[in-house]
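These numbers come from a predicted model, not from an experiment.
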Amino acid sequence: LAALAVQPLRMATNDFIQTVRGNLLALAQADNNLDLFEFALLRTVDKNLAPSSTPKRIRYTRKSDVASHAVTLFSAMAHAGHANRPDLANASFQTAAQSFGLMPDAKFMPASDCGPAAIGPALDAMLMAAPTLKKALLDAAAAGASADDAVSPEEGELLRVIADNLDCPLPPLAMTA
């Protein structure tokens with residue numbers, strides 16, 4: 001929904017865009033708790049409405065360079081999709097980490113360590129990854145999200161935010177409630 005709303009906003013004045021962004025930020029901060037949905041919405045708006053900047057220089061070319069960031073993103077997605085099922089969350093993480101080539105060393109992070117405050121810096125770092133690493137990360141995240149043969153709305157939301165922030169197109173997802 002946010003991706004659809006962003007399109008007409010691109011034609012708005014900068015003042016209007018800043019007002020919308022300020023209002024979204026105020027709503028997100030109203031309860032002093034930035035949840036995954038609020039983070040995803042703000043990140044999507046920022047990514048798509050920020051003035052275009054120069055492309056990020058490639059800084060990371062090996063999976064080992066981005067392993068900690070991948071673990072953060074895979075852990076966050078696993079917790080988002082399976083908040084009440086630690087067994088499924090762990091299986092989702094293991095699938096993503098194995099798909100990315102991080103096993104057996106990758107450690108599933110507790111939910112408290114991979115919330116929006118950790119996801120943002122991980123995405124920022126992944127912006128400087130080589131395109132092949134970005135694709136591998138997105139493929140692994142998708143594998144983890146669908147490890148239980150279903151993609152929850154929360155997993156789909158985070159997967160779309162990851163894809164959008166890495167400038168990797170993502171087709172529409174069939175999600176289950």
Side-chain angles (χ1 to χ4, degrees), residues 2-3 34-48 50 52-83 85-173 175:
L34 184 67
D35 67 25
L36 185 61
F37 172 77
E38 294 163 340
F39 170 81
L41 181 61
L42 288 170
R43 192 77 186 204
T44 299
V45 168
D46 285 348
K47 171 74 171 93
N48 289 285
S52 55
S53 60
T54 58
K56 298 285 184 196
R57 182 178 66 85
I58 293 176
R59 182 173 171 189
Y60 307 117
T61 58
R62 297 183 318 251
K63 288 181 180 180
S64 61
D65 295 338
V66 296
S68 65
H69 305 299
V71 165
T72 299
L73 294 172
F74 298 155
S75 294
M77 182 169 293
H79 286 296
H82 306 287
R85 292 284 311 269
D87 57 327
L88 291 179
N90 187 52
S92 173
F93 171 80
Q94 296 294 326
T95 299
Q98 184 166 358
S99 178
F100 196 67
L102 297 178
M103 297 310 289
D105 299 325
K107 303 291 184 236
F108 187 34
M109 297 170 66
S112 59
D113 293 344
C114 57
I119 297 169
L123 287 173
D124 292 341
M126 288 302 301
L127 277 172
M128 296 179 282
T132 53
L133 283 180
K134 291 178 181 181
K135 181 186 181 312
L137 179 101
L138 193 56
D139 287 346
S146 61
D148 61 351
D149 296 325
V151 178
S152 72
E154 294 82 6
E155 287 169 314
E157 184 177 289
L158 188 50
L159 190 60
R160 186 150 314 277
V161 168
I162 292 169
D164 187 47
N165 278 267
L166 299 181
D167 296 321
C168 296
L170 187 66
L173 300 172
M175 293 179 257

**Message:** Tell me whether F37 at atom CZ has more than 12 heavy atoms from other residues, nucleotides or ligands lying less than 6.0 Å away.
**Reply:** no
**Any V66 side-chain heavy atom under 4.5 Å of F100 side chain** = yes
**Request:** Report yes if the side chains of T61 and T132 come closer than 4.5 Å at any heavy-atom pair, otherwise no.
**Result:** no
**Asked** How far does CG of D113 sit from OG1 of T72, to the nearest 0.5 angstrom?
**Response** 8.5 Å
**Asked** What distance do S64 atom OG and D105 atom CG have between them, rounded to the nearest 0.5 Å?
**Response** 11.5 Å
**Asked** Taking only residues two or more places apart in sequence, or in another chain, which ones meet D65 in a salt bridge (charged side-chain N to carboxylate O under 4.0 Å, His left out)?
**Response** R62
**Asked** Which residue, L41, L42, T44, forms the side-chain contact (heavy atoms from CB on, under 4.5 Å) with V161?
**Response** T44
**Asked** Are T95 and F74 close enough that some pair of their side-chain heavy atoms sits under 4.5 Å apart?
**Response** no
**Complete:** Which of I119, N165, D164, I162 passes side-chain contact (heavy atoms from CB on, under 4.5 Å) with R43? Answer is N165
**Message:** Under the rule for side-chain hydrogen bond (donor to acceptor under 3.5 Å, both in side chains), what residues qualify as partners of K135, not counting sequence neighbours?
**Reply:** D139
**Message:** Surrounding CD of Q98 (heavy atoms of other residues, nucleotides or ligands, distance under 6.0 Å), is the total greater than 12?
**Reply:** no
**Fill in**
For G81 and E155, the nearest pair of non-hydrogen atoms, with its separation, is CA-CG, 3.3 Å
**Request:** Would you name the heavy atoms of A76 and C114 that are closest together and state the gap between them?
**Result:** CB-O, 3.2 Å
**Asked** Does H69 reach the side chain of L137, with side-chain heavy atoms less than 4.5 Å apart?
**Response** no
**Item:** Check: E154/H79 side-chain N/O donor and acceptor closer than 3.5 Å
**Value:** no
**Asked** What are the two closest non-hydrogen atoms of S99 and A140, and how far apart are they?
**Response** OG-CA, 3.5 Å
**Prompt:** Looking at side-chain heavy atoms only, is the closest gap between L102 and V71 below 4.5 Å?
**Reply:** yes
**Message:** Can you tell me how far apart CZ (R85) and OG (S152) are? Round to the nearest 0.5 Å.
**Reply:** 13.0 Å
**Heavy-atom closest contact (C168 atom, L138 atom, distance)** = CB-CD2, 3.5 Å
**Message:** I need the M103 CE to Q94 CD distance, nearest 0.5 Å.
**Reply:** 3.5 Å
**Fill in**
Note: M77 and A145 closest approach over all heavy atoms is SD-CB, 3.7 Å
**Fill in**
Closest heavy-atom pair, S75 versus K107, reported as atoms and distance to 0.1 Å, is OG-O, 4.4 Å
